[in-house]
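Notes follow once the structure below has been shown.
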Amino acid sequence: MKVKKAVILAAGLGTRVLPATKAMPKEMLTIVDKPAIQYIVEEVTRAGIEDVLIILSRGKSVVQDHFDRSPELERALQDSGKLEMYENVTRIAQLANLKYIRQQEMKGTGDAVMYARSFVGNEPFVVVYGDDVIIGDDPATAQVCRAYEKYGKGVVAMKEVPDELVLKYCTLDVKPKADNVYDVTDMIEKPKAEEIISNFAILGRCVLPAKVFDILETVPVGAGGEYQLTDAMKILAQTEGMIGVDFTGKRYDMGNKLGILKAVVEVGLEHPEVGEGFREYLRDIAKEL
């Protein structure tokens with residue numbers, strides 16, 4: 001079955017990058033000239049998905065404003081002859097069929113996904129974490145969707161990470177299947193050091209069947225005192241198996257200060273407008289390090 005819907009989780013408080021996120025959602029933090037959430041929506045639409053639900057929380061209406069039309073701004077750009085900029089601004093509102101809903105309390109990723117039940121219906125859907133920007137020629141969303149459509153099982157995007165990050169993320173029990181594709185039979189959210197199964201961890205993307213909602217209704221509170229989506233996926237992995245895709249592309253953690261800096265530098269170096277000048281600037285700075 002083809003994956004046609006995406007759910008973007010963007011309700012988190014962004015405490016790791018305070019005070020920047022006190023009044024500005026972390027999803028709106030910019031990488032050069034676009035907010036993180038726009039990179040994510042663009043990735044999803046490049047994967048062929050048009051129907052997108054963004055799970056927000058109180059104080060994040062600026063995300064909706066960003067993807068809305070702005071007649072006054074558009075008129076000013078037209079009147080001043082800035083037509084290319086006008087096209088860029090209006091294109092944002094045409095990226096996808098966007099819907100929004102608020103997660104009323106911060107009860108974890110599992111609780112957030114439950115808000116998407118009526119939007120999803122009985123279809124498979126891709127879940128995208130709003131603070132994970134992945135940039136590459138082949139959209140990470142497309143990679144996990146293709147795997148679902150080929151194997152008919154839930155799919156997680158994954159990478160090998162150092163032990164210290166496995167402890168913060170999760171650990172997966174994997175066996176090679178084909179090329180960069182693996183069978184996943186178990187997982188542990190935020191494991192203790194002695195519980196690490198492998199250094200493969202889920203990073204930012206997964207495709208789930210609609211049955212995950214019934215599983216989420218039975219899952220108890222997990223790590224951090226929250227309802228964890230990983231705990232529901234663990235049941236899927238143990239009962240019917242899941243697929244892991246060691247995805248291509250560079251991932252930036254926009255909920256992490258160093259991750260934000262890396263994203264700005266690396267994307268900035270490739271930016272057609274400022275890349276050359278930025279490269280010269282960094283060369284000069286490097287001489288002083």
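We count residues from 1, following the sequence as given.
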| Are Thr230 and Tyr169 side-chain neighbours, meaning at least one heavy-atom pair lies under 4.5 Å? | no
Would you mind reporting whether Arg146 and Asp138 have side-chain heavy atoms less than 4.5 Å apart? yes
- Query: Would you say Ile40 and Tyr129 make side-chain contact, with heavy atoms under 4.5 Å?
  - Reply: no
Closest heavy-atom pair, Ala263 versus Ile31, reported as atoms and distance to 0.1 Å, is O-CG2, 3.5 Å
| Do Thr171 and Glu195 have side-chain heavy atoms sitting under 4.5 Å apart? | no
Point to revise | same_hphob_cluster(Val113, Val128) at 4.5 Å side-chain heavy-atom cutoff | key: no
- Task: Tell me, yes or no, whether the heavy-atom count around Arg46 atom CZ, taken from other residues, nucleotides or ligands under 6.0 Å, exceeds 12.
- Result: yes
Are there more than 12 heavy atoms of other residues, nucleotides or ligands under 6.0 Å from atom OH of Tyr227? no
Heavy atoms of Val126 and Cys145 approach each other most closely as CB-SG, 4.4 Å
- request: Give me the ring orientation class for Phe213 and Phe125: parallel if the planes are under 30° apart, tilted from 30 to 60°, perpendicular past 60°.
  value: parallel
Would Phe247 and Leu203 count as a side chain to side chain contact (heavy atoms under 4.5 Å, CB included) here? Give the steps.
CA-CA 9 Å; Phe247 64 90; Leu203 293 180; 4.1 Å; yes
* Asked: In terms of hydrophobic clustering (I, L, V, M, F, W, Y; side-chain heavy atoms under 4.5 Å; direct or indirect links), are Met114 and Val207 co-clustered?
  -> no
Next item on the list: Give a yes or no on whether a salt bridge exists between Glu266 and Lys250, defined as a side-chain N under 4.0 angstrom from a carboxylate O.
Entry: yes
Item checked: Glu270 vs Ile135 side-chain heavy atoms within contact, under 4.5 Å -> no
**OP:** Indicate if Leu95 and Phe119 have the same hydrophobic cluster label, given that clusters are the connected sets of ILVMFWY residues with side-chain heavy-atom separations under 4.5 angstrom.
**Re:** no
Closest non-hydrogen contact found for Ile55 with Ala112 is CD1-O, 3.9 Å
Checklist entry - Backbone N or O of Ile188 within a donor-acceptor pair of the Lys234 side chain at under 3.5 Å? => result no
Minimal heavy-atom distance between Lys60 and Ala11, with the atoms involved, is NZ-C, 3.6 Å
Answer with yes or no whether the hydrophobic clustering places Leu13 together with Leu56; edges join I, L, V, M, F, W, Y residues whose side-chain heavy atoms lie under 4.5 Å apart. no
Is there a chain of hydrophobic side chains (I, L, V, M, F, W, Y, each step under 4.5 Å between heavy atoms) that links Leu216 to Ile101?
yes
List the steps, then state whether side-chain hydrogen bond (donor to acceptor under 3.5 Å, both in side chains) holds for Gln38 with Glu42.
CA-CA 6 Å; Gln38 184 175 334; Glu42 288 175 343; 3.0 Å; yes
In short, Arg102 meets Gly59 closest at the heavy-atom pair NH2-N, 4.3 Å
>> Under the criterion ring pair (Phe, Tyr, Trp, His ring centres under 6.0 Å), I'd like the reasoning laid out for Tyr182 against Phe200: C-alpha separation, chi angles, the key distance, then a yes or no.
In response: CA-CA 11 Å; Tyr182 295 73; Phe200 275 109; 5.1 Å; yes
Heavy-atom closest pair (Arg16 atom, Asp131 atom, distance to 0.1 Å) is NH2-OD2, 3.9 Å
Looking at Lys4 and Asp51, does any basic side-chain N land under 4.0 Å from a carboxylate oxygen? no
The reported gap from NZ in Lys175 to OG1 in Thr185 (rounded to nearest 0.5 angstrom) is 6.0 Å
Residue Glu84 excluded, over 12 heavy atoms near CD under 6.0 Å:
no
Item to check | Check against salt bridge (Lys or Arg N to Asp or Glu O under 4.0 Å), Lys153 and Glu240 | outcome: CA-CA 8 Å; Lys153 295 182 178 181; Glu240 59 185 58; over 6 Å; no
- Message: In the structure I gave you, are the side-chain heavy atoms of Cys206 and Val144 within less than 4.5 Å of one another anywhere?
- Response: no
